[in-house]
J.: 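Sharing a structure below in structure tokens format, with a few things to ask.
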Amino acid sequence: MMALALEEARAAAVRGEAPIGAVLADAAGVMLAAAGNAPISSCDPTAHAEIRVLREAAARLGNYRLPGTTLYATLEPCAMCAGAISHARVARLVIAARDAKGGAVWHGPRFFDQPTCHARPKVVEGPFATESSDLLRDFFRARR
């Protein structure tokens with residue numbers, strides 16, 4: 001699933017979006033949704049890859065709660081995305097690359113460690129950290 005998320009990140013980069021991708025799978029490992037970042041093209045500051053897959057899967061399943069699901073993200077989610085993951089009741093979060101600047105899981109506010117967090121997914125480091133980091137670094141280096 002993380003390989004699919006990385007493909008979504010690459011596609012986002014081609015569109016001029018930050019190369020971040022996400023995939024949401026159900027408890028059986030069936031993909032429910034896949035997306036890359038799209039805030040620029042959609043004129044929507046909340047159109048992060050994680051938010052987009054949560055929205056798509058919730059609409060598909062007819063439920064704003066997504067228990068038993070696993071979210072695969074190529075980059076450590078920000079505070080907004082971590083909040084949405086918690087509210088959706090995602091069971092497991094697999095992250096490829098850490099984000100010391102904007103991440104909110106292992107860095108910054110450490111959202112899931114806060115006492116006010118409603119639901120905490122099991123968080124694990126996933127594969128493709130180097131590929132995800134390289135993709136982001138190359139993307140932003142080319143724009144500077």
J.: Would F128 and L75 show up in the same hydrophobic cluster when neighbours are defined by side-chain heavy atoms closer than 4.5 Å?
T.: no

J.: State, to 0.1 Å, how close T46 and R55 come at their nearest heavy-atom pair, and which atoms those are.
T.: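 Nearest heavy atoms, T46 then R55: OG1-NH2, 2.9 Å.
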
J.: I'd like to know if the side chain of D26 reaches the main chain of T69, judged simply by a donor and an acceptor atom lying under 3.5 Å from each other, with no hydrogens or angles considered.
T.: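 Such a contact is absent between D26 side chain and T69 backbone.
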
J.: Can you see which heavy atom on E131 is nearest to which on L6, and at what distance?
T.: CB-CD2, 3.7 Å

J.: What I'd like to find out is whether the side chain of F112 reaches to under 4.5 Å of the side chain of V105, using heavy atoms alone.
T.: yes

J.: Is there side-chain contact between V23 and L71, with at least one heavy-atom pair below 4.5 Å?
T.: no

J.: Side chains of P39 and D44, heavy atoms from C-beta outward: is any pair under 4.5 Å?
T.: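 They are not in contact (no side-chain heavy atoms under 4.5 Å apart), so the answer is no.
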
J.: To check you understand the geometry: which heavy-atom pair defines the closest contact between I20 and A12, and what is its length?
T.: O-CB, 4.3 Å

J.: Can you tell me how far apart CG (L32) and CD (E56) are? Round to the nearest 0.5 Å.
T.: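 So the CG of L32 and the CD of E56 are separated by 9.0 Å.
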
J.: Donor-acceptor check, side chain of R52 to backbone of E50, threshold 3.5 angstrom: yes or no?
T.: no

J.: Would a hydrophobic clustering, with Ile, Leu, Val, Met, Phe, Trp and Tyr connected at side-chain separations under 4.5 Å, put I85 with W106?
T.: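 Looking at the clustering, W106 is in the same group as I85.
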
J.: Write down the atom of G21, the atom of A9, and the distance for their closest heavy-atom approach.
T.: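 What the structure gives for the nearest pair is N-CB, 3.5 Å.
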
J.: List the steps, then state whether side chain to side chain donor-acceptor pair (under 3.5 Å) holds for R137 with S132.
T.: CA-CA 9 Å; R137 187 175 25 263; S132 180; over 6 Å; no

J.: Over all heavy atoms of both residues, which pair between A97 and A129 is shortest? Give the atoms and the distance, please.
T.: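 Here A97 and A129 meet closest at CB-O, 3.9 Å.
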
J.: Which heavy atom of A49 sits nearest a heavy atom of A35, and at what distance?
T.: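 For A49 versus A35, the nearest heavy atoms are CB-O, 3.5 Å.
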
J.: Cluster question for you: counting only ILVMFWY and a side-chain heavy-atom cut-off of under 4.5 Å, with indirect links fine, are M2 and L93 together?
T.: no

J.: Taking I95 as the starting point, is it possible to reach L54 by hopping between hydrophobic residues whose side chains are less than 4.5 Å apart?
T.: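 Linked, L54 and I95 end up in one cluster.
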
J.: Test of understanding: clusters of I, L, V, M, F, W, Y form through side-chain heavy atoms closer than 4.5 Å, transitively. Do V30 and L66 belong to the same one?
T.: no

J.: Is E76 reaching over with its side chain to a backbone N or O of R98, donor-acceptor style, under 3.5 angstrom?
T.: no

J.: Give the intermediate values and the outcome of side chain to side chain contact (heavy atoms under 4.5 Å, CB included) for residues M80 and I51.
T.: CA-CA 9 Å; M80 174 183 69; I51 299 291; 4.1 Å; yes

J.: Taking the side chain as everything from C-beta on, heavy atoms only, tell me whether L24 gets closer than 4.5 Å to M31.
T.: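 The answer is no, as the side chains (C-beta and beyond) never meet within the 4.5 Å cut-off.
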
J.: Is the shortest side-chain heavy-atom distance between K101 and H107 below 4.5 Å?
T.: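 K101 does not reach H107 side chain to side chain.
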
J.: Measure from the side-chain N and O atoms of R15 to the backbone N and O of R10, and report whether any donor-acceptor pair falls under 3.5 Å.
T.: no

J.: Is the terminal nitrogen or CZ of R143 (NZ for Lys, CZ for Arg) located under 6.0 angstrom from the six-membered ring centre of F139 and within 45° of that ring's axis?
T.: yes

J.: May I ask you to decide if A82's main-chain N or O and S86's side chain share a donor-acceptor pair within less than 3.5 Å?
T.: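 A pair under 3.5 Å: no.
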
